[in-house]
Peer 1: 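Before anything else, here's the structure in question.
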Amino acid sequence: MKVVGFNGSARKNGNTACSLNTVFAELEKAGIETEMIHVGKEKIRGCIACHGCVKNQNQACSFEDDPVNEWIRKMKQADGILLGSPVHFSGVAGTMKSFLDRAFFVATVNGGLYRHKVGAAVAAVRRSGGISTVDTLNHYISYSEMIMPSSNYWNVAYGLHPGEMEQDGEGKQIMEILGRNMAWIMKVIGHGKEAFPAPEPAAKIMTNFIR
Ligand SMILES: Cc1cc2nc3c(=O)[nH]c(=O)nc-3n(C[C@H](O)[C@H](O)[C@H](O)COP(=O)(O)O)c2cc1C
């Protein structure tokens with residue numbers, strides 16, 4: 001079993017990375033393989049609503065000059081997905097959001113590539129905006145029919161300078177419990193899905209509120 005994690009920060013050793021690594025440590029203790037992908041310093045364009053991914057049905061974004069399609073493939077192959085972002089202006093960091101908009105739109109319009117995978121999100125923040133950032137990240141997971149484990153509080157860790165979240169005892173525990181719950185639910189699903197086959201996917205009903 002494998003979890004792929006995305007660090008939305010440009011800092012490879014920043015507080016988002018530390019938070020993800022804390023979750024990873026628990027997953028690894030449970031025998032689950034992990035891979036971290038650093039998103040924050042990449043040049044990632046936003047979605048331009050060209051709908052090429054709808055038309056082509058090739059599980060890919062029309063932009064081929066950045067790593068988004070490779071990351072879509074990695075998420076498709078993984079059993080679990082972990083999203084992490086630093087809080088920038090009380091929201092998800094821009095590069096991370098550009099990646100997620102494209103990767104999750106492609107997945108949705110190509111038959112639900114992440115359907116029934118286990119997914120969770122974390123945020124790192126100096127002071128304010130952690131909840132709104134985690135909520136935004138959770139929107140990608142809950143839109144995709146993924147299964148979301150939780151912790152004993154919302155998945156936010158505090159710190160300004162790289163590594164400061166290590167001093168946030170409560171934040172560390174939140175990440176540890178999240179990692180243990182994520183490992184457990186992945187194993188339960190892994191063992192149970194033969195005995196209890198997943199529901200059939202449904203054709204999407206789109207009701208657009210145009211007056
Ligand atoms: C552009 C930018 C915007 C930020 N906006 C906020 C904010 O709205 N609220 C806050 O508490 N901290 C804010 N911060 C601080 C970061 O959230 C904080 O340093 C966090 O630990 C960064 O995570 P990282 O080390 O993974 O990059 C901001 C930092 C930057 C660079």
Side-chain angles (χ1 to χ4, degrees), residues 1-9 14-40 71-72 74-88 91-93 95-97 99-101 103-104 107-108 112-125 129-159 165-166 168-193 198:
M1 280 187 167
K2 182 171 174 180
V3 170
V4 61
F6 294 90
N7 170 24
S9 173
N15 294 307
T16 309
C18 291
S19 302
L20 292 168
N21 279 328
T22 307
V23 181
F24 273 7
E26 297 301 321
L27 292 167
E28 285 162 14
K29 273 185 220 165
I32 293 170
E33 189 189 339
T34 62
E35 180 181 358
M36 177 92 83
I37 290 169
H38 297 283
V39 175
W71 297 345
I72 290 170
K74 280 187 185 283
M75 284 195 279
K76 195 184 155 199
Q77 283 160 10
D79 306 285
I81 298 168
L82 197 50
L83 308 177
S85 181
V87 172
H88 284 180
V92 174
T95 308
M96 182 70 173
K97 187 155 194 313
F99 154 56
L100 294 173
D101 286 352
F104 278 77
T108 302
L113 303 182
Y114 316 141
R115 189 170 180 263
H116 297 159
K117 295 182 189 296
V118 176
V122 306
V125 60
I131 296 298
S132 49
T133 302
V134 164
D135 284 348
T136 301
L137 293 172
N138 284 345
H139 291 159
Y140 296 94
I141 295 165
S142 56
Y143 187 86
S144 309
E145 290 188 68
M146 293 173 71
I147 312 298
M148 198 190 299
S150 60
S151 187
N152 67 344
Y153 208 79
W154 301 289
N155 304 335
V156 178
Y158 287 86
M165 71 76 61
E166 300 289 345
D168 173 11
E170 187 168 354
K172 284 280 286 184
Q173 189 194 43
I174 291 165
M175 301 303 157
E176 287 163 4
I177 292 174
L178 176 64
R180 291 198 282 274
N181 286 342
M182 187 167 187
W184 178 70
I185 201 72
M186 285 175 70
K187 288 184 176 181
V188 169
I189 291 171
H191 285 290
K193 66 186 172 193

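Bear in mind that the values here come from a model prediction, so they are computed numbers and not experimental data. Below, all heavy atoms of this structure are taken into account, side chains as well, without hydrogens, waters or symmetry copies.
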Peer 1: Nearest heavy-atom pair of Val39 and Gly8: which atoms, and what distance?
Peer 2: CB-CA, 4.3 Å
Peer 1: Contact between Leu83 and Met96 at the side-chain level, heavy atoms closer than 4.5 Å - yes or no?
Peer 2: yes
Peer 1: Residues two or more places apart in sequence or in another chain: which of them pass salt bridge (charged side-chain N to carboxylate O under 4.0 Å, His left out) with Asp101?
Peer 2: Lys97
Peer 1: First locate atom CG of Leu100, then atom NE2 of His139, and finally report the distance between them rounded to the nearest 0.5 Å.
Peer 2: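 It is 12.5 Å, given to the nearest 0.5 Å.
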Peer 1: Let me confirm one number: the CD1-CG distance from Ile37 to Asn7, rounded to the nearest 0.5 Å.
Peer 2: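 Between atom CD1 of Ile37 and atom CG of Asn7 there are 10.5 Å.
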Peer 1: Could you pull out all donor-acceptor pairs under 3.5 Å where a side-chain atom in residues 177-187 meets a protein atom, sequence neighbours excluded?
Peer 2:
from, atom 1, to, atom 2, distance (Å)
Arg180, NH1, Glu26, OE1, 3.3
Asn181, ND2, Ser150, O, 2.9
Lys187, NZ, Ala30, O, 2.5

Peer 1: What are the two closest heavy atoms between Gly119 and Met146, and how far apart are they?
Peer 2: CA-CE, 3.6 Å
Peer 1: How would you list, by chain and number, every residue that makes a salt bridge (charged side-chain N to carboxylate O under 4.0 Å, His left out) with Glu28, sequence neighbours excluded?
Peer 2: none
Peer 1: Identify, with sequence neighbours excluded, every residue that meets ring-ring contact (aromatic ring centres under 6.0 Å, His included) alongside Tyr158.
Peer 2: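 So Tyr158 forms no ring-ring contact (aromatic ring centres under 6.0 Å, His included) with any residue.
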Peer 1: Taking the side chain as every heavy atom from C-beta outward, state whether Asp79 and Val118 have any pair of such atoms under 4.5 Å apart.
Peer 2: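 They are not in side-chain contact.
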Peer 1: The criterion is side chain to side chain donor-acceptor pair (under 3.5 Å); which residues satisfy it with Glu145, sequence neighbours excluded?
Peer 2: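 Arg115.
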Peer 1: Does the side-chain contact (heavy atoms from CB on, under 4.5 Å) test come out yes or no for Tyr143 and Phe104, once each step is laid out?
Peer 2: CA-CA 9 Å; Tyr143 187 86; Phe104 278 77; 5.9 Å; no
Peer 1: Less than 4.5 Å apart, any side-chain heavy atom of Thr34 and any of Val23?
Peer 2: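 No. Closest side-chain heavy atoms not under 4.5 Å.
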Peer 1: Residues two or more places apart in sequence or in another chain: which of them pass side chain to side chain donor-acceptor pair (under 3.5 Å) with Asp135?
Peer 2: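 Testing Asp135 for side chain to side chain donor-acceptor pair (under 3.5 Å), a comparison that skips the adjacent residues, returns none.
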Peer 1: How close do Met36 and Ala17 get, counting heavy atoms only, and between which atoms?
Peer 2: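 Closest approach of Met36 to Ala17, heavy atoms only: CE-O, 3.8 Å.
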Peer 1: Nearest 0.5 Å please: distance from the CG atom of Leu27 over to the CG atom of Asn21.
Peer 2: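 Those atoms lie 11.0 Å apart.
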Peer 1: CE of Met165 to SG of Cys18: how many Å apart, nearest 0.5 Å?
Peer 2: 6.5 Å
Peer 1: Return the minimal non-hydrogen interatomic distance between Tyr114 and Ala103, and the atom names on each side.
Peer 2: OH-O, 3.0 Å
Peer 1: Does Lys172 NZ have over 12 foreign heavy atoms under 6.0 Å away?
Peer 2: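 Yes, enclosed.
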Peer 1: Pick from Val92, Val156, Thr16, Thr133: which one makes a side-chain contact (heavy atoms from CB on, under 4.5 Å) with Val87?
Peer 2: Thr133
Peer 1: How far apart are the closest heavy atoms of Val134 and Val122, and which atoms are they?
Peer 2: CG2-C, 4.1 Å
Peer 1: As a quick check of understanding, evaluate side-chain contact (heavy atoms from CB on, under 4.5 Å) for Phe24 and Leu82, giving each step before the final call.
Peer 2: CA-CA 9 Å; Phe24 273 7; Leu82 197 50; 3.7 Å; yes
Peer 1: Tell me whether Lys193 at atom NZ has more than 12 heavy atoms from other residues, nucleotides or ligands lying less than 6.0 Å away.
Peer 2: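 At most 12 heavy atoms, drawn from other residues, nucleotides or ligands, come within 6.0 Å of this atom.
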Peer 1: Counting N and O atoms only, with roles assigned by atom type, does the side chain of Lys117 sit under 3.5 Å from a partner on the main chain of Ala78, one being a donor and the other an acceptor?
Peer 2: yes
Peer 1: Step by step, work out the side-chain contact (heavy atoms from CB on, under 4.5 Å) result for His116 and Ile189.
Peer 2: CA-CA 9 Å; His116 297 159; Ile189 291 171; over 6 Å; no
Peer 1: Give me the atom names and distance for the closest heavy-atom approach of Ala121 to Leu137.
Peer 2: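 Closest approach of Ala121 to Leu137, heavy atoms only: CB-CB, 3.4 Å.
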Peer 1: Under the criterion side-chain contact (heavy atoms from CB on, under 4.5 Å), which of Glu35, Met75, His38 is the partner of Phe6?
Peer 2: Met75
